[in-house]
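Heads up: numbering here begins at 1 and tracks the sequence. These numbers come from the heavy atoms of this one structure, side chains and all, not from hydrogens, waters or symmetry mates. Since this is a predicted model, take the numbers as computed values, not measurements.
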Amino acid sequence: MQSSVRRRQPAPGLSTRFNSAQSDDGSRISRFHLDLWFYFTLQNWLLDFGRPIVMLILPLDWFPLNKPSAGDYFHMAYNIITPLLLLKLIERSPKTLPNSVIYVSIITFVMGASIHLVGDSVNHRLIFSGYQLHLSVRDNPIMQKLDPPTLVDSFELLYYYDEYLGHSMWYIPFFLILFIYFTGCFTKIQGESRMPLSAWALLAPSSLYYWYLVTEGQIFIIFIFTFFAMLAIIMHQKRKGLHLDSNGVFLLFSFSATLLLIAVWIIWLWNDHILRKKYPGVIYIPEPWAFYTLHINSFH
């Protein structure tokens with residue numbers, strides 16, 4: 001006699017979540033995500049670091065000041081590609097995370113990067129009109145010539161959206177996603193901690209980019225908080241007998257080298273009185289583009 005009772009099928013995604021939960025104990029076999037880290041590093045250098053350079057190199061006639069520059073198109077591409085790479089990075093993580101956290105982080109990231117796109121575009125176009133990045137908005141000679149003087153307040157508002165609100169909404173979710181990914185980079189197999197040669201080859205360009213990101217974005221607090229949180233997770237997981245896999249070691253080494261580069265940068269410019277005036281706070285970390293307009297651009 002055949003049973004008329006049908007077997008209930010598991011809910012979609014349940015087995016995937018269960019397998020992910022099983023791998024949270026570190027029993028999985030990990031591999032270095034060379035493809036993601038390579039694309040991540042390449043697009044960071046080309047689309048983020050390279051965009052203001054492209055804007056300055058290409059002839060001004062090709063991109064008039066009242067139209068988007070080549071760097072703006074680079075920034076638009078960055079705003080599309082980076083969230084996709086971050087999502088792929090989270091997909092590779094063995095940890096199961098609430099979709100709402102990831103979606104809100106990605107949405108906030110895109111909003112912050114888009115705010116920065118507008119503010120940064122105007123600020124860098126002002127360079128062609130004599131704007132000096134090593135001076136505050138109100139201290140710039142071209143701002144002091146504006147009539148009526150209340151127009152300066154509008155440019156200070158633009159600077160606030162660019163350097164404070166935009167950067168916060170851009171970088172907080174960025175480092176949050178990297179940290180969430182890092183929490184899943186642990187394994188019981190100690191041999192998985194060895195980085196392949198490809199990882200060592202990517203370490204220098206990755207660390208140098210993070211140095212640029214932290215110094216130009218003025219986000220040292222966000223960066224150092226993330227770094228200390230990573231160290232805390234390592235000590236916590238070590239008590240469970242878990243070790244970082246090659247991806248976790250790559251991130252940790254990249255951030256460690258970044259911290260060293262920041263220290264060298266601060267020591268080198270410690271006695272620069274002009275930059276000291278623009279960055280008077282306790283944390284003195286000059287922006288590379290402020291250094292450029294003060295020493296390199298003025299030299300040429």
Side-chain angles (χ1 to χ4, degrees), residues 16-17 19-45 82-98 101-102 105-106 109 171-214 219-263:
T16 304
R17 289 179 178 272
N19 291 336
S20 295
Q22 279 185 320
S23 63
D24 283 347
D25 64 354
S27 58
R28 63 188 171 82
I29 297 178
S30 63
R31 65 179 182 85
F32 184 69
H33 302 150
L34 174 62
D35 54 343
L36 283 182
W37 293 122
F38 174 76
Y39 293 136
F40 207 66
T41 304
L42 180 64
Q43 69 97 27
N44 283 337
W45 273 99
T82 306
L84 294 177
L85 290 177
L86 290 174
L87 287 172
K88 295 299 293 183
L89 202 62
I90 289 297
E91 286 179 8
R92 300 278 180 93
S93 174
K95 275 184 168 290
T96 304
L97 302 166
V101 175
I102 302 302
S105 297
I106 293 296
F109 172 89
Y171 294 125
I172 289 177
F174 176 82
F175 281 99
L176 176 62
I177 290 176
L178 286 183
F179 174 73
I180 290 173
Y181 170 80
F182 181 81
T183 60
C185 295
F186 289 89
T187 176
K188 288 183 177 180
I189 307 173
Q190 192 168 5
E192 294 289 334
S193 297
R194 278 196 217 96
M195 290 200 310
L197 290 177
S198 56
W200 287 106
L202 288 176
L203 186 60
S206 176
S207 304
L208 195 58
Y209 170 75
Y210 285 127
W211 163 82
Y212 171 77
L213 193 71
V214 174
I219 53 167
F220 181 75
I221 296 296
I222 299 173
F223 169 77
I224 200 66
F225 182 82
T226 306
F227 183 70
F228 285 147
M230 290 165 61
L231 295 180
I233 288 293
I234 292 174
M235 291 186 290
H236 175 70
Q237 296 288 43
K238 193 173 183 180
R239 296 173 184 172
K240 299 180 180 180
L242 298 178
H243 309 275
L244 277 175
D245 65 11
S246 55
N247 296 286
V249 172
F250 175 75
L251 257 181
L252 180 66
F253 282 9
S254 295
F255 279 29
S256 300
T258 299
L259 198 58
L260 180 62
L261 290 172
I262 294 172

Original post:
Please, which pairs that meet salt bridge (charged side-chain N to carboxylate O under 4.0 Å, His left out) have at least one residue in residues 33-45, sequence neighbours excluded?
Top reply: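 Every salt bridge (charged side-chain N to carboxylate O under 4.0 Å, His left out) pair that includes a residue of residues 33-45, provided the two are not neighbours, is Asp35-Arg92.
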Which pair of non-hydrogen atoms, one from [X] and one from [Y], has the smallest distance, and what is that distance?
X: Pro173; Y: Ser105; result: CB-O, 3.2 Å
X: Leu251; Y: Leu178; result: CD1-O, 4.0 Å
X: Arg31; Y: Asn247; result: O-ND2, 2.8 Å
X: Ser206; Y: Ser254; result: OG-OG, 3.5 Å
X: Thr41; Y: Pro205; result: CG2-CB, 3.9 Å
X: Ser207; Y: Leu261; result: O-CD1, 3.9 Å

Reported [atom1]-to-[atom2] distance for the pair [X] and [Y], which is rounded to 0.5 angstrom:
X: Ile222; Y: Leu213; atom1: CD1; atom2: CG; value: 9.5 Å
X: Asn44; Y: Tyr210; atom1: CG; atom2: OH; value: 6.5 Å
X: Leu197; Y: Leu202; atom1: CG; atom2: CG; value: 11.5 Å
X: Tyr209; Y: Thr258; atom1: OH; atom2: OG1; value: 11.0 Å
X: Ile172; Y: Ile219; atom1: CD1; atom2: CD1; value: 9.5 Å
X: Ile177; Y: Ser93; atom1: CD1; atom2: OG; value: 11.5 Å

Holding to side-chain contact (heavy atoms from CB on, under 4.5 Å), I want the full list of residues that pass it with [X], two or more places apart in sequence or in another chain.
X: Trp200; result: Met195, Leu203, Phe253
X: Lys88; result: Leu36, Glu91
X: Thr183; result: Lys95, Phe179, Ile233

**OP:** Check whether any side-chain heavy atom of Tyr181 lies under 4.5 Å from a side-chain heavy atom of His33, and answer yes or no.
**Re:**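 Sidechains of His33 and Tyr181: in contact.
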Original post:
Below 4.5 Å, heavy atoms only, C-beta onward: do Phe182 and Leu244 meet side chain to side chain?
Top reply: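 Yes, close enough: below the 4.5 Å cut-off.
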Subject >> Qualifying ring-ring contact (aromatic ring centres under 6.0 Å, His included) pairs, either residue in residues 220-251, two or more places apart >> reply: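 Output for this query lists Phe32-Phe250, Trp37-Phe250, Phe223-Phe255.
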Original post:
Quick one: which of Val101, Ile102, Leu85 gives a side chain to side chain contact (heavy atoms under 4.5 Å, CB included) with Ile90?
Top reply: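 Exactly one option meets the side chain to side chain contact (heavy atoms under 4.5 Å, CB included) with Ile90, and it is Ile102.
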Subject >> Non-neighbouring partners of Tyr212 that pass side chain to side chain donor-acceptor pair (under 3.5 Å), sequence neighbours left out >> reply: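 If we apply the side chain to side chain donor-acceptor pair (under 3.5 Å) test to Tyr212, skipping adjacent residues, the hits are Trp289.
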